[in-house]
Each structure stands twice: as structure tokens, then as C-alpha cells.
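One structure is given here, and the rest of the page talks about it.
Numbers restart at 1 for each chain; the letters A, B, ... are given by sequence-line order, proteins then strands. The figures here come from the full heavy-atom set of this structure, side chains too, leaving out hydrogens, waters and symmetry mates. Quick caveat, the model's predicted, so the values are computed rather than measured.
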Amino acid sequence: MKIATYNVNGVNGRLPVLLRWLKETAPDVACLQELKAPPEKFPEQAITDAGYEAIWHGQKSWTGVAILSKIGKPQELRRALPGDPDDVNSRYIEATVNGILIGCLYLPNGNPAPGPKFDYKLSWFKRLHAHAKDLLAQDIPVVLVGDYNVMPTELDVYKPESWVNDALFLPEVRDAFKKLVAQGWTDAIRTLHPGEKIYTFWDYFRQAYNRNAGLRIDHFLLSPHLEKRLKAAGVDKEVRGWEKSSDHAPVWIQLDK
DNA sequence: ATGGCCGAGGTACTCGGA
């Protein structure tokens, strides 16, 4: 079973790229972030025609997450992180597919830091910690996947020294990620590729992709049940070089069964 | 230190992104 994640940066503006990627790489499940579309503007027909059933949590202008599957419709469990009923951003959707609980998330960017946006990022992280702990306690196969907006270590940034004051790399944020993983999760990409320079995002500015000035901010966290089934993981880097690409590249894992 | 590039909304320019 192959599960992928892709921050599309606009699901409608990205539709040709998204459909081509789905066709060429054929993930069983695809988690999308940054739909940038209200619910009624989700391109359901095109997704259906591509062979996928989908659930989505959209919102006007910003954010938005979706789970696509071609091995049975995702059975939705929730469409927000618990802990703050006033949080109106569509940044989380959760479903089971083929016996796996999939949490598709889009963690807040947090810039500028310090400030209210950074506080929001940290509080969102706190809620994620609490929910992740509950999921682990259920002792079931879980993947928490998506755009975490965190480079966990210096290896995950092309030029660490220029990001030290950024909300994606500040010590509090790296620490929050580290504590989350320490609950008992496995960072799939890093576990299979230790010491390797791997990026999932390249800025639109300054020829970042051509210079390979990238960041690793899209992550798969696996519960112990899934860690045992992890066979391969990687980044569809070439997609970032396609015409009208997102600034992120898709990331995927291959599981046994 | 700054600005460079994008998508969306709405139809000029701002905002959010990372």
C-alpha cells in the first residue's frame, strides 16, 4: 500500500499537475493540503474520473485538506483537531482507509515570530501532541502525515544559519516536533534515509529548485504497527520541476500489504 | 537587509505562504 502527501498550493490552479502526478505515480491514498478552495469548489468530478474517492475540508481562500483513495472511500472520523472549538481553520481531516487511521494535517506556518501567528502554531502543536497521544494509546495502525511546517534538524535545511529566527526552524518548534516523535512515532523518511539530504519544498524565489535550496517540512509519522510494515519512502522531486508546479513536492511511503 | 515568486479573490491590489 502506497500513501502519499502533497501540499498542492491551490487544488484548482494545480489540477493538471495533480492529475498527472496521480496517474503517473498511482498512490493508493493521497493526502492533500492547502486546497485554497471552499468546499463547493473542490474538483470532485476530476478526482472521481481519475479513479479516486475523496473527503475534503475546504475553506474560502486559504488552508484546506483532503484525503483521496482508490482502494475504498475514506471513512471520515473527524475534521478538526480536538481542543479548540474556536479554531475555524481547515487544517486537519482524519479517516480510516484499509484499516489504517490517517490524519492529514496542515500545521500553521507561524511567521512572523514572535507574535500571535507563532503562538497559534505552538498551541496547534500542543493540541496535536494531545491527540497524537490518544491515537497511540489505541494501539492501532496510524499515520500522521502532511505539511508540518517544521525542519526537524539542520540536515533538513539547505542553509540552516539563515533560518534560525524563522517560525519553521525556531528551537521551540523543533523541540515540539522532537517531543511529538518521542511519544513513539517514526519519522518514515528520516528513518529509511538517515544522514541523507532530502527536501520536500523549494521556494518559488531565487531559482531555489534549480539551486536545490530546499527544506524538508512534509513528514510521515508512523505508529509502531506501521513502522514494522514500512518498506520504502521517498520524494517525487521531479514533480517540483513541472510547469505550474506547487512549491512543495509530493512525498510517499510504501507499506507491506 | 530586502525582495524576489505564486494562488486566490475580484478585477487593483492585498494577503498569506515558507
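Sorted by first then second residue, the side-chain hydrogen bond (donor to acceptor under 3.5 Å, both in side chains) pairs that include residues 165-176 of chain A, not counting sequence neighbours, are A/Asn111-A/Asp166, A/Asp175-A/Lys179. Sequence neighbours left out, not one pair with a member in residues 246-257 of chain A passes salt bridge (Lys or Arg N to Asp or Glu O under 4.0 Å). Legend: ring-ring contact (aromatic ring centres under 6.0 Å, His included) pairs involving residues 210-230 of chain A, not counting sequence neighbours, sorted by first then second residue: A/Tyr148-A/His219, A/Phe177-A/His219.
Taking atom P on both nucleotides, B/dG17 is separated from B/dA12 by 26 Å, rounded to a whole Å. Comparing the same atom, C1', in B/dC15 and in B/dG10 gives a spacing of 13 Å after rounding to whole Å. Rounded to a whole angstrom, the distance from the C1' atom of B/dG7 to that of B/dT2 is 23 Å.
Contacts of A/Asn7 with the nucleic acid, taken as non-hydrogen atoms under 4.0 Å apart, involve only primed sugar atoms and P, OP1 or OP2. Across all strands, A/Tyr106 comes closer than 4.0 Å only to sugar-phosphate atoms, never to a base (heavy-atom distances). Residue A/Lys117 is in sugar-phosphate contact alone, with no base atom involved, counting any heavy-atom pair closer than 4.0 Å across all strands shown. At a threshold of 4.0 angstrom between heavy atoms, the contacts of A/Arg240 with the nucleic acid are absent.
Distance OH (A/Tyr120) to C1' (B/dG16): 13 Å, rounded to an integer number of Å. As a whole-Å value, the separation of A/Arg211 CZ from B/dC5 C1' is 13 Å. A/Leu168 has its CG atom 13 Å from the C1' atom of B/dG16, to the nearest Å. One atom, CE of A/Met151, and another, C1' of B/dG17, lie 14 Å apart when rounded to the nearest Å. Here the C1' atom of nucleotide B/dT2 and the CZ atom of A/Phe205 are 11 Å apart, to the nearest Å. Rounded to whole Å, the distance from CD on A/Glu243 to P on B/dC6 is 10 Å. In this structure, the CG atom of A/Asn165 is 16 Å from the C1' atom of B/dT2, given to the nearest Å. Atom CD of A/Gln59 is separated from atom C1' of B/dG7 by 15 Å (rounded to the nearest Å).
Shown here are the ring-ring contact (aromatic ring centres under 6.0 Å, His included) partners of A/His129, two or more places apart in sequence or in another chain: A/Phe125. With sequence neighbours left out, A/Trp185 forms a ring-ring contact (aromatic ring centres under 6.0 Å, His included) with no residue at all.
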For nucleotides 8-11 of chain B, tabulate all protein N/O to nucleotide N/O atom pairs closer than 3.5 Å, reporting atom names and distance.
| unit_1 | atom_1 | unit_2 | atom_2 | d |
| --- | --- | --- | --- | --- |
| B/dA8 | OP1 | A/Gly13 | N | 3.4 |

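Along DNA chain B, the nucleotide nearest A/Asp147 and the nucleotide nearest A/Tyr204 are compared for position; the residue whose nucleotide lies closer to the 5' end is A/Tyr204. Projected onto DNA chain B by closest heavy-atom contact, A/Lys244 and A/Gly110 fall at different nucleotides, the more 5' of which corresponds to A/Lys244.
Under 3.5 Å, the side chains of A/Tyr6 and A/Asp236 contain no donor-acceptor pair of N or O atoms. Between the side chains of A/His131 and A/Glu94, at least one donor N or O lies within less than 3.5 Å of an accepting N or O.
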